[in-house]
Amino acid sequence: MSHIHLPDGVLPVWLWVSGFILAILVGGILLKLTKREELTRRLPLLGMMSAAMVLGASIEIVPIAYHINLTIISGILLGPTLIFLATFVVNMILALFGHGGVTVIGLNTLTLSLEGVLGYSIFHLLWKMLKRLTLATFSASFIALLFSTLAMIGVVSLGTSHYKELIHQEEGKGIFEFKLLKEKGEHLEGTGEKEEVNLKRFIAIVLPLGFIGWVLEGVITSLMLRYIYRLRPDLLRL
Amino acid sequence: MRNEERIVEVDCITHVYPDNTKVQICGLDFVVNRGERVSILGSNGCGKTTLLKHLMGILIPKEGSVRVFGTDPAKEYSKIREKIGVVMQDVDEQILGPTVYDDILFAPLNYGVERKKAEAMAKEVIERLNLETVQKKIVNYLSGGEKKKVALAGALVMEPELLILDEPFTGLDPLSRRELIHILNELNREKGITFIMTLHEVDLVVQVTDVLYLMHGHGDLSERGTPEEIFGRFKNLESFNLEEPTLTRLFKGLKEEGLDLGEPLRLEDAIKSIIKHWNIPSKRPNENRY
Amino acid sequence: MIQLSYLDYLAIEGKSFLHRLSPRFKILGMVFVLLGVVLLRDLRGLLLLYGILVLLFIFIRLPLRIFSLTFYPLIFALLFISVSGFQTHFILIIFLKVLSGSTGIVLLLASTPYPSIFSTLGRFLPSLLVTLLFLTYRSIFILLKVLEETQHALYLRGGFQWRHPWRSLVNISNAFGHLIIAGIDASERMYESMVLRGFKNKIHYRGE
């Protein structure tokens, strides 16, 4: 898997709410910077590329739920501003059929659009330097996916105290997580290794699995871009 | 219903595509009078759709001029947009509303027509095109023929004066085709709507056309006339990569065998010609059932 | 992706009480499900929530193949439980949370046509976003046609075979490249239609 969509219910409330606020802020700023006519002109293209990303996310290439992630190619074709809007829509639609959570649309958008933006930027930088399409595409895909996975890990790590509470959950101590005020002197019982949050283990599993996905994705994205460049070089605006 | 008011004039236009392919639509001037049913026949890639896109203002000619309702559509399409209805070749990308009803309402609401009036306009066109049973359907699940009708409804709802259709009969079954021909002719007769359409189906031309243009090569508009005039010169048709109408080939074949029954283009005329030749009393002398 | 069109079909053709319920109530119900998913931490509460959702699934007679859609979030969950010492309690809580969320949302989509969902969301979201949602959903079906035809062509012409992995990968990549080009061309034609039909910035839905 080159990209994992966060589901509902795992992250603490403050984290996904912040994700929404940040996503809305970024989206709002980008919309303000984009001319209305330009946006209207590109709406069908946005819709189509978002649709392509949704389709890519739904087709398994390898039966461990690995699917093609068209975010980087979409980033290259749409540019950094529009890719953000596209990933927001994609995450909304994917959330509708259980492919990623509703509450975490903001966070998923931020990590997914990071892929698109980085993919676009690194691709163009490498193309200027090397003038080698395959190398530029593969490298851009690999690096973009690496960073977006790190971002996802970073997001997950922000909720460590929340996971600690869930791990230390005791029967009958209340059914809800949400506490407005922490009780004085409250501390978490149990300090055994088993009851501590072990992010290292999580990272140790995600990164190697992700690595396979990044390589595969890099290869596929390079092949796709090579095809597009052969038939419609004008689309890449190189 | 025709008069001599010119609503479309195209004077030798040149267009260059992004891949540097040049198309020059020249030869005869392309002229359409109000109320005419104009068809453009030509082989694939000869420039028919390019011509239509210039009329819609989607393409800008590098040279030459295009006037629709006296306006340059590339520069001022918004002035004439409500007078023109368009049905594209591939209607999938033209149908934008979630349901059939929403799609038909799309243009009126865009143009600021009051909701109640827009709904009345939609209702009228739904009834005319027999779309009552599908009006609540989500467009993704319509058949090809239904989609064509919905696209036509969307084009007609604003009661245009000019209807532009790009290969409207492609992909339709015989019944749907007949239905569409009937609707188009009725609209022309009752409302005086002018048609410009491109098509491949030579056999349909005579049923939907007052003026026929032949295009070949890369935009060479070389023939203009009624279908009878043009198909009467049928020895020229092969050079346009076109086949003669079936009836023309039949009666030509009969003529070569020594049986000259004329050159009818319409089925009813062919039947009359045969009946007359053999003095067969017609069972339905006055009915034009064909 | 066949699942999306099948979900859509179920939403339109279904006749259960949930299908007949107003989209507003269903979305409100989904909000409560999400509240339960994020706030509940008691196993019994989560079991109850998930149980109700599964029962609803069975009651409105949704096909089993749709139920498999709800398992997708388990991929992340399986990775995520590694942050703990694999305690049963923690694993169950996480699994129940993610499954409840996905089951609720799949129930919503399988019982409510998407125009109704987007139109209801349109009361809270900017109209540009809702328009984009409509356009995207429409585009999915347009591209799906292209994708299915390409898939069939690949299959019939031996384009995808496990014993030729590299060739297959090239073919799949080219197929997606073709999809993207077809999509971009289609989007141009779509834009032309929108302009010809006076599009300003909104796609209207009657909201039935």
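Letters go in sequence order (proteins before strands), and every chain restarts at 1.
Heavy-atom distances place no part of A/Ala57 under 4.5 Å from chain C, backbone and side chain included. Contacts between A/Val156 and chain C at a heavy-atom distance below 4.5 Å involve the side chain alone, from C-beta outward. With a 4.5 Å cut-off on non-hydrogen atoms, C/Ile142 touches chain A through its side chain but not through its backbone. Heavy-atom distances place the side chain of C/Met194, and not its backbone, under 4.5 Å from chain A. Interface residue C/Phe199: only side-chain heavy atoms are found under 4.5 Å from chain A. Heavy atoms of A/Leu225 lying under 4.5 Å from chain C are absent altogether. Looking at C/Phe134, there are no atoms closer than 4.5 Å to chain A (heavy atoms on both sides), in backbone or side chain. Proximity to chain A is absent for every atom of C/Leu107, based on heavy atoms less than 4.5 angstrom apart. When heavy atoms are compared at a cutoff of 4.5 Å, A/Met53 does not approach chain C at all. Only the side chain of A/Leu235 comes within contact range of chain C, judged by heavy atoms closer than 4.5 Å. Only the side chain of C/Ile180 comes within contact range of chain A, with at least one heavy atom under 4.5 Å from a heavy atom of that chain. No part of A/Ile203 comes within reach of chain C, as not one of its non-hydrogen atoms sits under 4.5 angstrom from that chain. Neither the backbone nor the side chain of C/Asn171 comes within contact range of chain A; no heavy atoms are under 4.5 Å apart.
The pair A/Arg42-A/Glu38 meets the salt-bridge criterion, with a side-chain N (NZ, NE, NH1 or NH2) lying under 4.0 Å from an Asp/Glu carboxylate O. Under a 4.0 Å N-O distance rule, the pair A/Arg41/C/Glu188 qualifies as a salt bridge.
Annotation: maximal heavy-atom pairing with chain A below 4.5 Å, among C/Leu179, C/Leu135, C/Ile181, occurs at C/Ile181. In terms of heavy-atom pairs under 4.5 angstrom with chain A, the leader among C/Thr70, C/Leu121, C/Leu128 is C/Leu128. Highest contact tally toward chain C, considering only A/Ile93, A/Leu85, A/Ile73, A/Val90, is held by A/Ile93 [criterion: heavy-atom pairs under 4.5 Å]. The most heavy-atom pairs under 4.5 Å with chain A, out of C/Gly177, C/Pro126, C/Ser187, C/Ser168, come from C/Ser187. With chain A as the partner, the residue from C/Pro73, C/Gly104, C/Ser102 showing the most heavy-atom pairs under 4.5 Å is C/Pro73. Put simply, of A/Leu31, A/Ile205, A/Leu43, the one with the most heavy-atom pairs under 4.5 Å next to chain C is A/Leu43. The residue among A/Pro44, A/Ala86, A/Ala204, A/Gly56 with the most heavy atom pairs within less than 4.5 Å of chain C is A/Pro44.
The side-chain heavy atoms of C/Leu62 and C/Phe67, taken from C-beta on, include no pair separated by under 4.5 Å. Between A/Tyr120 and A/Leu78 the shortest side-chain heavy-atom distance does not fall below 4.5 Å. In this structure, the side chains of A/Leu96 and C/Phe118 come closer than 4.5 Å at one or more pairs of heavy atoms.
Minimum heavy-atom separation, A/Leu107 to A/Leu15: CD1-O, 4.0 Å. Here the closest non-hydrogen pair linking C/Phe90 and A/Tyr163 is CE1-O, 4.2 Å.
More than 12 heavy atoms of other residues, nucleotides or ligands sit less than 6.0 Å from atom CZ of C/Phe71.
Using the six-membered ring where Trp is involved, A/Phe202 and C/Phe76 have ring planes that are perpendicular, over 60° apart on the 30 and 60° scheme.
The backbone N or O of C/Val98 lies less than 3.5 Å from no partner atom in the side chain of A/Asp8, so there is not a single donor-acceptor pair. With A/Lys32 contributing its side chain and A/Gly27 its backbone, the two residues share no donor-acceptor pair below 3.5 Å. Between the side chain of A/Lys164 and the backbone N or O of A/Val197, no donor-acceptor pair lies under 3.5 Å.
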